[in-house]
Amino acid sequence: MKPYYLAAMVLAAAISPAFAQSAPPADMQTYMSSGEVQDLIAKAKAQPAKPLIAQPILSLAPYRASLEYRNGPASPAAVHTTEAELMYVIDGSGTLVVGGELVDGKQANATNLSGSSIKDGKSIHVAQGDFTIVPENTPHQLIPDSGGPLILMTFHVPRPVPGAPQ
């Protein structure tokens with residue numbers, strides 16, 4: 001079994017109660033085969049080199065899983081103010097810097113900050129098959145090892161709304 005099947009099964013289990021409650025929306029994407037994931041990777045690899053190429057894998061509002069193809073220098077550091085981020089390393093290796101202080105932080109959109117780097121964060125080496133979760137409001141940055149790329153499945157987990165049915 002391919003490792004990213006495990007991540008897809010975890011995601012499917014998390015969202016499966018939604019199927020029992022009502023008909024699925026027409027625009028959701030709840031399944032992607034390993035071949036389709038490999039096609040996304042090939043598509044990202046064929047593009048001109050960028051620090052980050054992100055493509056959707058699965059979605060069922062408010063949840064989304066993306067393929068992140070990271071190559072070259074570090075992409076900007078980030079803070080997600082309303083959601084945690086689960087990461088699964090599909091291929092490659094690199095350093096995840098987490099915690100500390102966002103340097104040159106700027107509001108990227110309503111729920112995200114971005115910065116040039118992280119000061120005083122903890123460095124964790126990540127490689128194929130590793131999982132990690134970054135809590136909301138936590139600075140984080142991924143830096144591919146030289147020779148990249150670092151290919152991830154990321155899953156954003158929104159904070160539950162107080163009083164909303166679970």
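All of these numbers come straight from a predicted model, not from anything done at the bench. Hydrogens, waters and symmetry mates play no part in the numbers below; they use all other heavy atoms, side chains included. Nothing fancy with the numbering, it's 1 onward along the sequence.
For the pair Glu136 (side chain) and Thr138 (backbone), a donor-acceptor distance under 3.5 Å is absent. Side-chain N or O atoms of Gln141 include one that pairs as donor or acceptor with a backbone N or O of Ser75 at under 3.5 Å.
Side-chain atoms of Leu113 and Gln107, non-hydrogen and from C-beta on, do get closer than 4.5 Å to each other. For the pair Arg64 and Pro56, the minimum side-chain heavy-atom distance is 4.5 Å or more.
The heavy-atom pair separating Thr30 from Leu58 by the smallest distance is C-CD2, 3.4 Å. The nearest pair of heavy atoms linking Pro73 to Pro144 is O-CD, 4.4 Å. A pairwise comparison of heavy atoms in Ile118 and Pro139 identifies CD1-C, 3.6 Å as the closest pair. Considering every non-hydrogen atom in both Ala108 and Ser114, the closest pair reads CB-OG, 4.1 Å. Among all heavy-atom pairs drawn from Met28 and Ser59, the shortest one is CB-O, 3.4 Å. Taking each heavy atom of Val37 and Ile90 in turn, the nearest pair found is CG1-CD1, 4.5 Å.
Screening residues 94-104 for side chain to side chain donor-acceptor pair (under 3.5 Å) gives Asp104-Ser116 as the qualifying pairs, with residues at least two apart or on separate chains.
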Item to check | Working for side chain to side chain contact (heavy atoms under 4.5 Å, CB included), residues Asp91 and Ile41 | outcome: CA-CA 10 Å; Asp91 198 15; Ile41 293 169; over 6 Å; no

Next on the checklist: Apply side chain to side chain contact (heavy atoms under 4.5 Å, CB included) to residues Met87 and Leu142 and explain how you reach the verdict.
Outcome noted: CA-CA 11 Å; Met87 299 176 191; Leu142 281 156; 3.8 Å; yes

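For the atom pair CD1 of Ile143 and OG of Ser123, the computed distance is 7.0 Å after rounding to the nearest 0.5 Å. Considering OG1 of Thr154 and CD of Glu85, their distance stands at 5.0 Å, rounded to 0.5 Å. In this structure, CG on Leu96 lies 5.0 Å from CD1 on Ile124, to the nearest 0.5 angstrom. Atom CD in Gln38 sits 9.0 Å away from atom CG in Leu67 (nearest 0.5 Å). Taking OG1 from Thr82 and CZ from Arg159, the interatomic distance works out to 9.5 Å, rounded to the nearest 0.5 Å. Atom CG of Asn71 sits about 11.5 Å away from atom CD of Gln47, to the nearest 0.5 Å.
Note on Phe155 and Ile151: same hydrophobic cluster, where clusters join Ile, Leu, Val, Met, Phe, Trp and Tyr whose side-chain heavy atoms are under 4.5 Å apart, directly or indirectly. By the criterion of side-chain heavy atoms lying less than 4.5 angstrom apart, applied directly or through intervening Ile, Leu, Val, Met, Phe, Trp or Tyr residues, Val97 is not grouped with Val126; the two fall into different hydrophobic clusters. No continuous path of ILVMFWY side-chain contacts below 4.5 Å connects Leu52 to Val98, so the two sit in separate hydrophobic clusters. Each of Val79 and Ile133 belongs to its own hydrophobic cluster when Ile, Leu, Val, Met, Phe, Trp and Tyr are linked at side-chain heavy-atom distances under 4.5 angstrom.
With sequence neighbours excluded, the residues that form a ring pair (Phe, Tyr, Trp, His ring centres under 6.0 Å) with His140 are His80.
With hydrogens and angles left out, the side-chain atoms of His125 and Asp145 include a donor and acceptor closer than 3.5 Å.
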